[in-house]
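Read the structure below first, then the notes.
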Amino acid sequence: MTSVRALGLPQHSPAVEDVELPARVTIWEVGARDGLQNESTVIGVDVKREFLRRLAAAGLTVLEATSFVSPRWVPQLADAAELLADLPRPPGVRHPVLVPNERGLDRAVEAGVRDIAIFASATESFARRNLNRGMDEQYAMFEPVVRRAREAGMRVRGYLSMCFGDPWEGPADPASVAAAGRRLLDLGCEELSLGDTIGVATPGQVQALLRSLAANGVSTGQIAVHFHDTYGQALSNTYTALRAGVSTVDSSAGGLGGCPFAKSATGNLATEDLVWMLDGLGIEHGVDLDALVHTSVWMAEHLGRPSASRVVNALGGGA
Ligand SMILES: CC(=O)SCCNC(=O)CCNC(=O)[C@H](O)C(C)(C)COP(=O)(O)OP(=O)(O)OC[C@H]1O[C@@H](n2cnc3c(N)ncnc32)[C@H](O)[C@@H]1OP(=O)(O)O
Ligand SMILES: CC(=O)CC(=O)O
């Protein structure tokens, strides 16, 4: 396996343009949740735990671990409580989980969770498919979850899916998406993650949505971006968001990912590809790329197929 250091490439080179980029980016690693929720192979709980342990050892500090959703809807994550029961919790590492409703919150609290994410849809069609509810009803479901979690001193992120387009309704209107995002923050979410669930966005759309959010009083400090790489745009979209001042980026080790309720969704932006770009821009992130590549190669062996990440394939030779 090729090591980054063995390649002799500069780990930090100056940004090529005179733009204000963040000095540090927080990588919100979604491999264990978004990455595994769509897998047809059943991944054992011990493998999931070891995956999370290795990701933490590679320097990732925010590891979305699983979802407390209906096990009938997402059987791949039915072992959420078992996974968390014996999960090593290194100091400084967060393990947020997805929670859709009060039943999910009760289960999460019982499992010792302190950090949750609710997940709303920006379109009616996806809200119905993903949550079995319309858009207005989804807020009614989330309201008590966010209120109770905040009262208990928990951290709450709000995901918004289909921010740039969905397979049933087509391209999204930035003004309506921004209004939906504003609503999640007003519910009490401390961070808003903008999901390009099916990976159709291009940089101009990212700029337009960030502008609409700014017009709704949402600052880039409250925003995270979550790109899937269906059309190969995830890195350019991320770069566009960084240039606008966003400094939290979601990604998935090895480019795993997808959504069972949006068949056209493919893998997330690969964390290795993100790290490679951040290194090139001289932006701090705290991740050991070689350790991460080893982890993704290891996971690809468990899944029985090569990683989708360009960097994993370049440095690790796939699997
Ligand atoms: C873009 C993305 O990647 S988003 C993430 C991927 N998508 C998801 O995870 C979607 C998850 N969606 C769901 O789990 C469901 O749509 C829900 C739970 C939100 C709503 O589904 P509904 O069927 O309307 O829920 P409802 O409240 O009627 O309950 C149905 C059953 O599920 C159970 N259930 C509901 N919520 C939960 C939960 N959080 N945990 C465990 N079981 C639950 C109920 O107890 C009930 O069980 P029963 O049939 O044995 O009595
Ligand atoms: C909840 C998510 O996983 C975000 C998305 O892809 O829409």
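Along the sequence shown, residues carry numbers from 1.
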Measure up the W298 and H302 rings against each other and bin them: parallel (under 30°), tilted (30 to 60°), perpendicular (over 60°).
-> perpendicular
Closest non-hydrogen contact found for G104 with P100 is CA-CD, 4.5 Å
Check A180 against L160 and note the closest heavy-atom contact, atom names and distance.
-> CB-CD2, 3.9 Å
Determine, step by step, whether V74 and S67 satisfy the side chain to side chain contact (heavy atoms under 4.5 Å, CB included) criterion, reporting the C-alpha distance in whole Å, the side-chain angles of both residues, the deciding distance to 0.1 Å, and the verdict.
-> CA-CA 9 Å; V74 186; S67 301; 6.0 Å; no
Short side-chain to backbone donor-acceptor contact, N216 and S212, under 3.5 Å | yes
How would you list, by chain and number, every residue that makes a ring pair (Phe, Tyr, Trp, His ring centres under 6.0 Å) with Y139, sequence neighbours excluded?
-> none
Note, V42 side chain near Q76 side chain (heavy atom, < 4.5 Å) | no
Around R310, counting heavy atoms of other residues, nucleotides and ligands shown, do more than 12 lie under 6.0 Å from its CZ?
-> no
How many angstroms lie between CD in E190 and CG in L184, if you round to the nearest 0.5 Å?
-> 13.0 Å
Using ring pair (Phe, Tyr, Trp, His ring centres under 6.0 Å) as the criterion, list what pairs up with F119, not counting sequence neighbours.
-> none
Hey, are the side chains of N237 and V225 touching, using non-hydrogen atoms and a 4.5 Å cut-off?
-> no
Could you give the distance from CG (L303) to CD (E301), rounded to the nearest 0.5 Å?
-> 10.5 Å
Atom of S193, atom of H226 and distance for their closest heavy-atom approach = OG-CB, 3.5 Å
With sequence neighbours left out, what residues match R183 under salt bridge (Lys or Arg N to Asp or Glu O under 4.0 Å)?
-> D136
Single-linkage hydrophobic cluster I198~Y231, side-chain heavy atoms < 4.5 angstrom | yes
Hey, can you pull the donor-acceptor pairs under 3.5 Å for the side chains in residues 161-168, sequence neighbours left out?
residue, atom, partner, partner atom, Å
D166, OD1, W168, N, 2.9
D166, OD1, E169, N, 2.4
D166, OD2, T123, OG1, 2.7

Would S296 and E272 count as having a side-chain donor-acceptor pair, cut-off 3.5 Å?
-> yes
The reported gap from OG1 in T197 to CZ in F126 (rounded to nearest 0.5 angstrom) is 5.5 Å
Does R107 come within less than 4.0 Å of E110, counting only side-chain N to carboxylate O?
-> no
Measuring from E50:CD to L55:CG, what's the distance to the nearest 0.5 Å?
-> 9.5 Å
Sub-3.5 Å donor-acceptor pair from the side chain of D229 to the main-chain atoms of G199, do we have one?
-> no
Is a side-chain donor or acceptor of S307 paired with a backbone partner of S309 at a separation under 3.5 angstrom?
-> yes
E137 side chain reached by L131 side chain, heavy atoms, under 4.5 Å = no
Sidechain-backbone polar pair: D115 side chain, R94 backbone, donor-acceptor under 3.5 Å = no
All heavy atoms of Q205 vs all of V200, minimum pair found to be OE1-O, 3.8 Å
Pair I43-M299, side chain to side chain contact (heavy atoms under 4.5 Å, CB included): steps then yes or no = CA-CA 10 Å; I43 307 297; M299 196 58 187; 4.1 Å; yes
Could you tell me whether a side-chain N or O of N268 sits under 3.5 Å from a main-chain N or O of S251, the two making a donor and an acceptor?
-> no
Check side-chain contact (heavy atoms from CB on, under 4.5 Å) between T26 and all other residues, then give those that pass, not counting sequence neighbours.
-> V62, T248
Check: G188 main-chain N/O paired with R150 side-chain donor or acceptor under 3.5 Å | yes
Does M154 reach the side chain of V113, with side-chain heavy atoms less than 4.5 Å apart?
-> yes
Taking the side chain as C-beta and beyond, is there a heavy-atom pair between L242 and M277 under 4.5 Å?
-> yes
Determine which pairs satisfy ring pair (Phe, Tyr, Trp, His ring centres under 6.0 Å) with at least one residue from residues 60-79, sequence neighbours left out, and list them in order.
-> W73-F261
Give, for atom OG of S252 and atom CD of E29, the distance between the pair rounded to the nearest 0.5 Å.
-> 5.5 Å
Should L292 and L60 count as side-chain neighbours, where that means a heavy-atom distance under 4.5 Å?
-> yes
So, the side chain of Q207 versus the backbone of T240: is there a donor-acceptor pair under 3.5 Å, distance only?
-> no
Minimum heavy-atom distance P144-A140, with the two atoms named = CD-O, 3.1 Å
Can you check whether V25's main-chain N or O pairs, donor with acceptor, with H285's side chain at less than 3.5 Å?
-> no
Contacts of type salt bridge (Lys or Arg N to Asp or Glu O under 4.0 Å), residue R147, not counting sequence neighbours | E143
Listed partners of R114 passing salt bridge (Lys or Arg N to Asp or Glu O under 4.0 Å), at least two apart | none
So salt bridge (Lys or Arg N to Asp or Glu O under 4.0 Å) across residues 36-45, not counting sequence neighbours, yields E39-R305
Value for OH (Y159) from OG (S121), rounded to nearest 0.5 Å, stands at 14.5 Å
Around atom CZ of R72, are there more than 12 heavy atoms of other residues, nucleotides or ligands at under 6.0 Å?
-> no
Residue pair T220 / V246, side-chain heavy-atom distance below 4.5 Å = yes
Check step by step if side chain to side chain contact (heavy atoms under 4.5 Å, CB included) holds for L269 and D250.
-> CA-CA 8 Å; L269 167 63; D250 301 0; over 6 Å; no
Any donor-acceptor pair under 3.5 Å linking the side chain of Q37 with the backbone of G258?
-> yes
H228 side chain reached by D34 side chain, heavy atoms, under 4.5 Å | yes
Under the side chain to side chain contact (heavy atoms under 4.5 Å, CB included) criterion, do V312 and V297 qualify, and how do the steps go?
-> CA-CA 7 Å; V312 170; V297 170; 3.9 Å; yes
Over all atoms of both residues, closest heavy-atom pair of C189 and V146 | N-CG1, 4.1 Å
Quick one: list whatever passes side chain to side chain donor-acceptor pair (under 3.5 Å) with R182, sequence neighbours left out.
-> D186
Pairs in or reaching into residues 24-67: which pass ring pair (Phe, Tyr, Trp, His ring centres under 6.0 Å), with residues at least two apart or in two chains?
-> none
Output yes when a side-chain donor or acceptor of T271 lies under 3.5 Å from a complementary backbone atom of A253, and no otherwise.
-> yes
Partners of R33 by salt bridge (Lys or Arg N to Asp or Glu O under 4.0 Å), sequence neighbours excluded?
-> E64
Answer yes or no: is there an ion pair linking D79 with R49, defined by an N-O contact shorter than 4.0 Å?
-> no
Can you list the steps and then say if R148 with E151 is a salt bridge (charged side-chain N to carboxylate O under 4.0 Å, His left out)?
-> CA-CA 5 Å; R148 282 181 48 201; E151 281 167 8; over 6 Å; no
